[in-house]
Amino acid sequence: MRKPIIVGNWKMNKGPEEAQKFYIELEKLMKNKTLDIEWAIAAPSISMVSLMAGDDKGLYIPLAAQNVHYEKSGAFTGELSLDMLMEYGLEYVIIGHSERRQYFNETDETVNLKIKATLNNSDITPIMAFGETEKEFDDKKTLSVVRKQINNGLKGINPNDAKEVVLAYEPIWAIGTGKTATPKQAQSVIKYSRSIVEEMFGKEVAQEIRIQYGGSMKPENIQELMKQPDIDGGLVGGASLDAKSFFKLLTYKK
Ligand code: PGA
């Protein structure tokens, strides 16, 4: 059984003060609630401290980084290493988000280096994002784009490690646009993605690996998306910024 995983991606939103307000609100909502899913928030690095409990009675929020460098340390201004993320207690790292690919020269090759470094040098779970642009979607290239990104991103990884990776299918035309892929569309691409994992690593890994959907996921559509047999969770931008809405996502009805 694959455990659902919902991750809020705050992108470049919320400084320490706003993050602290969010923490207080979410902590109230979560009182006496136990979740049977995995979850995390990918906050800006500088705001993460505001999401950490002050004592062991406070709400524990699993944290994710939005990016990482594959080198251990050195002259890489503006970057963070895996050791630094681990020292901070981070549990996940998003790798290859389309905004990083689009605006910061992230390529399939750097994605692959980062995934391998994360698996080899840390106990952090990599979340590898992939998905097609609107033009590629219109040109009916979705499946070939997805195939290439998964093949290149997971190249050279051994099957035992591969099942630890979380994949996140995010059609770029659905990110931040309010346009969600229909549950059927998302299911069909995610099922196809699972078949690529099977080709690469075998049936067992394909059955175990978790694949999220991302792109305008919100409380109103999460239930239908999560009903799809191959969708194992969500990578959520906009709807994770409000504590009530994020709480609704975490407690979606199965
Ligand atoms: P969105 O973003 O939910 O605002 O569409 C998703 C993402 O970019 O991960």
Side-chain angles (χ1 to χ4, degrees), residues 4-14 18-19 22 26 37-45 47-48 51 61-68 90-106 111 114-115 124-137 142 145-146 149-150 153 165-183 185-187 189-190 193 210-226 228 231-252:
I5 171 164
I6 294 174
V7 176
N9 174 15
W10 282 5
K11 313 187 180 188
M12 198 173 71
N13 294 295
K14 291 193 193 294
E18 273 188 68
F22 179 100
L26 188 66
I37 59 163
E38 256 176 69
W39 65 287
I41 296 177
S45 318
S47 308
M48 292 215 185
L51 296 181
I61 298 187
L63 293 172
Q66 298 179 9
N67 182 33
V68 70
L90 268 59
E91 296 187 42
Y92 305 90
V93 56
I94 302 170
I95 294 174
H97 189 280
S98 61
E99 285 146 22
R100 302 245 22 121
R101 294 177 190 257
Q102 207 176 338
Y103 309 127
F104 302 100
N105 293 327
E106 189 84 88
V111 167
K114 291 176 181 193
I115 299 271
I124 295 173
T125 301
I127 300 172
M128 185 183 100
F130 62 98
E132 80 285 8
T133 61
E134 181 148 41
K135 167 121 186 21
E136 289 162 343
F137 176 76
T142 299
V145 169
V146 159
Q149 289 181 337
I150 297 176
V165 177
V166 174
L167 296 176
Y169 168 58
E170 300 204 297
I172 296 171
W173 47 271
I175 296 178
T177 57
K179 279 193 233 168
T180 321
T182 64
Q185 277 171 326
Q187 161 62 22
V189 181
I190 289 179
S193 306
R210 292 175 295 174
I211 312 182
Q212 300 173 308
Y213 166 77
S216 302
M217 192 186 239
K218 45 187 180 263
E220 296 76 39
N221 61 24
I222 187 169
Q223 193 185 8
E224 277 310 306
L225 286 161
M226 291 302 289
Q228 307 303 313
I231 302 184
D232 304 317
L235 186 53
V236 189
S240 72
L241 291 170
D242 174 74
K244 278 197 202 78
S245 143
F246 189 56
F247 177 74
K248 280 189 195 155
L249 290 166
L250 296 180
T251 53
Y252 74 94

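Remember, it's 1-based here, ligands and their atoms both numbered in the order they're listed. Heavy atoms only: backbone and side chains are in, while hydrogens, waters and symmetry mates are out.
A donor-acceptor contact shorter than 3.5 Å is absent between the side chain of Arg210 and the backbone of Val166. Without hydrogens or angle criteria, Lys114 side chain to Val68 main chain gives a donor-acceptor distance under 3.5 Å.
At least one N or O atom of Gly237 sits closer than 3.5 Å to an N or O atom of ligand 1. Polar contact with ligand 1: absent for Thr177 (N/O pair, distance under 3.5 Å).
Scanning all protein heavy atoms for the shortest distance to atom 4 (O) of ligand 1 gives Gly238 N, 2.8 Å. Here the heavy atom of the protein found nearest to atom 7 (C) of ligand 1 is Glu170 OE2, 3.1 Å.
Only the backbone of Ala174 comes within 4.0 Å of ligand 1, counting heavy atoms alone; no side-chain atom from C-beta on gets that close. Only side-chain heavy atoms of Asn9 come within less than 4.0 Å of ligand 1; its backbone N, CA, C and O stay farther off.
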Practice task
Applying side chain to side chain donor-acceptor pair (under 3.5 Å), run through Glu132 and Trp173 and close with a yes or a no.
Solution key: CA-CA 8 Å; Glu132 80 285 8; Trp173 47 271; 2.9 Å; yes

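Comparing heavy-atom distances from atom 5 (O) of ligand 1 across Ala168, Gly176, Gly131 singles out Gly176 as nearest.
The shortest heavy-atom distance from Gly214 to ligand 1 is not under 4.0 Å.
For the atom pair Glu224 CD and Met217 CE, the distance stands at 11.5 Å (nearest 0.5 Å).
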